[in-house]
Amino acid sequence: MDRNMKILVVDDFSTMRRIIKNLLKELGFTNIEEADDGQTALPLLKQGNFDFLVTDWNMPGMTGIDLLRAVRADANLASLPVLMVTAEAKREQIVLAAQEGVNGYIVKPFNGATLKEKIDKIFERVES
Amino acid sequence: MTQTEEQDFQPVVGREKRLADARALVEAIENEDSAGEAQLIGELTAAYSGNIFDEVGRMTREVHDTLKSFAEDERLGALAEDEMPDARDRLRYVITLTEQAATRTLTITEEATPTAEQIVDRSQRLKGELAKVAASEADNARLGGVVDSMTRYLDSTTNCAERLKGQLTEIMMAQEFQDLSGQLLMRVIDLLEQLEEKLVGLLQITAPVRGAKGEDGRSAPVERAEDGVGPQLPNAGDNVVKNQDDVDDLLASLGF
């Protein structure tokens with residue numbers, strides 16, 4: 001896995017963006033950008049050669065599930081690995097996210113070990 | 001028949017009159033006097049329905065009085081117009097305060113973590129330099145002793161700083177509460193807004209003089225999983241995952 005890969009962290013709560021960013025830094029990732037909802041994230045993704053998207057679900061403007069759909073519908077972004085880190089914990093939501101093509105799903109509250117494990121797993125699959 | 005049902009059908013006309021009517025009804029049927037039959041059935045029914053009309057009248061008065069006292073209750077007006085918006089502002093302020101506290105804590109942990117890393121790096125470097133000095137002065141027993149105890153001190157410093165780094169990460173993770181509590185509070189604020197709107201609407205119906213605020217008649221938004229429904233409480237039902245293991249199991253069952 002390339003530690004220099006470009007990661008976009010999307011969450012409407014700045015506290016959570018900061019926590020995820022710090023955890024990613026601890027895991028050795030340094031090339032991290034932020035967006036506060038799907039609407040601001042999508043143009044960034046379209047321009048920016050991102051290698052990995054970490055997104056919340058429940059956000060004003062454009063939700064994470066709609067962002068995931070938009071990513072999968074865009075020919076240039078369709079294969080972008082997407083990890084959801086969200087407080088949304090209903091089974092139907094996790095099933096929906098899986099159907100829409102999410103690569104990993106973490107429910108808040110979570111910890112650094114879980115984040116590392118899911119990222120490792122996602123890139124194991126992507127690279128194999 | 002139960003006690004209440006008996007009471008509900010208590011006729012208002014005396015027993016003698018009812019008996020006479022009943023006998024006359026039998027007679028009318030026997031004589032095939034359909035006009036008389038219809039009239040007698042009407043009279044017999046009226047003996048009971050008089051009570052129902054009284055009851056409806058009483059209920060109507062009660063509803064009227066209740067609505068009147070509702071409209072005249074200043075407390076409800078104050079609740080809808082001042083206290084509920086005030087409660088929302090307070091909750092918003094709680095979100096602001098927790099965000100400030102979380103941000104402050106994150107800033108400090110972000111500053112402290114590199115400090116802990118520096119302590120580890122410098123301790124290890126110093127340990128290496130001391131080892132070189134000790135090796136070049138191998139015959140100096142006194143120096144060797146000093147280097148040994150300093151090395152032990154530097155190792156314990158390294159351990160402490162590593163532990164400190166882990167603890168700083170824990171403190172950072174604990175700030176996650178701000179996101180979760182913030183989301184929950186925003187939902188309560190939403191609920192208050194809806195309640196307030198309904199209460200204002202009701203007050204307008206009962207007392208139109210109260211002013212024309214919030215009359216767009218907008219219906220309460222329906223929660224949709226698609227839009228996100230926010231953090232679930234610990235005692236939520238079976239359709240909610242309890243922890244990351246549940247998520248992983250569910251995804252595994254979908255072939256993940």
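Each chain gets a letter, A, B and so on, in the order its sequence line appears, and its residues count up from 1.
With contacts defined as side-chain heavy-atom distances shorter than 4.5 Å, the pair A:Q93/B:V240 does not qualify. Inter-residue side-chain proximity for A:N58 and B:V229 is flagged as unmet; no heavy-atom pair is nearer than 4.5 Å. The shortest distance between side-chain heavy atoms of A:L96 and B:E226 falls below 4.5 Å. Looking only at side-chain heavy atoms (C-beta outward), B:V241 and A:E88 stay at 4.5 Å or farther from each other. Using a 4.5 Å heavy-atom threshold, the side chains of A:V107 and B:N243 count as separate. When side chains are defined from C-beta on, B:M173 counts as touching A:L23, because their heavy atoms get closer than 4.5 Å.
Using a 4.5 Å cut-off between heavy atoms, A:E26 touches chain B through its side chain atoms alone. Of the atoms belonging to B:L250, it is side-chain heavy atoms, and not backbone ones, that fall under 4.5 Å from chain A. Interface remark: A:R17 contributes no atoms to any contact with chain B (heavy atom separation under 4.5 Å).
No donor-acceptor distance shorter than 3.5 angstrom exists from the side chain of A:R91 to the backbone of B:V247, with no hydrogens or angles considered. A donor-acceptor pair under 3.5 Å is formed between the side chain of B:E176 and the backbone N or O of A:F110.
Of all heavy-atom pairs between B:Q244 and A:I106, the closest is OE1-CA, 3.3 Å. Shortest non-hydrogen contact noted between A:T15 and B:Q178 is OG1-OE1, 2.7 Å.
Considering only heavy-atom pairs separated by less than 4.5 Å from chain B, the leading option among A:I65, A:I94, A:T63, A:D66 is A:I94. Chosen from B:L254, B:T169, B:D246, the residue pairing most often with chain A at heavy-atom distances under 4.5 Å is B:T169. Taking chain A as the reference chain and counting heavy-atom pairs below 4.5 Å, the highest number among B:K242, B:E110, B:Q175 is found for B:E110. Among B:K165, B:Q183, B:E99, B:E170, the residue with the largest count of heavy-atom pairs under 4.5 Å with chain A is B:Q183.
For the residue pair B:T107/A:R18, the side-chain donor-acceptor check at 3.5 Å is satisfied. With 3.5 Å as the limit, one finds no donor-acceptor pair spanning the side chains of B:N239 and A:E92.
With a 6.0 Å radius and a threshold of 12 heavy atoms from other residues, nucleotides or ligands, B:R142 has its CZ atom at or below the threshold. Summarising the local packing, CG of B:D238 is surrounded by 12 or fewer heavy atoms from other residues, nucleotides or ligands at distances under 6.0 Å. For B:R92, the CZ atom is densely surrounded, since the number of other residues' heavy atoms within 6.0 Å is greater than 12.
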Can you give me every donor-acceptor pair (side chain of residues 4-13 of chain A, partner residue at least two apart or in another chain, under 3.5 Å) with its distance?
from, atom 1, to, atom 2, distance (Å)
A:K6, NZ, A:G48, O, 2.8
A:D11, OD1, A:F13, N, 3.0
A:D11, OD2, A:K108, NZ, 3.0

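Taking the charged nitrogens against the carboxylate oxygens, B:D248 and A:K118 do have a contact shorter than 4.0 Å, which makes a salt bridge.
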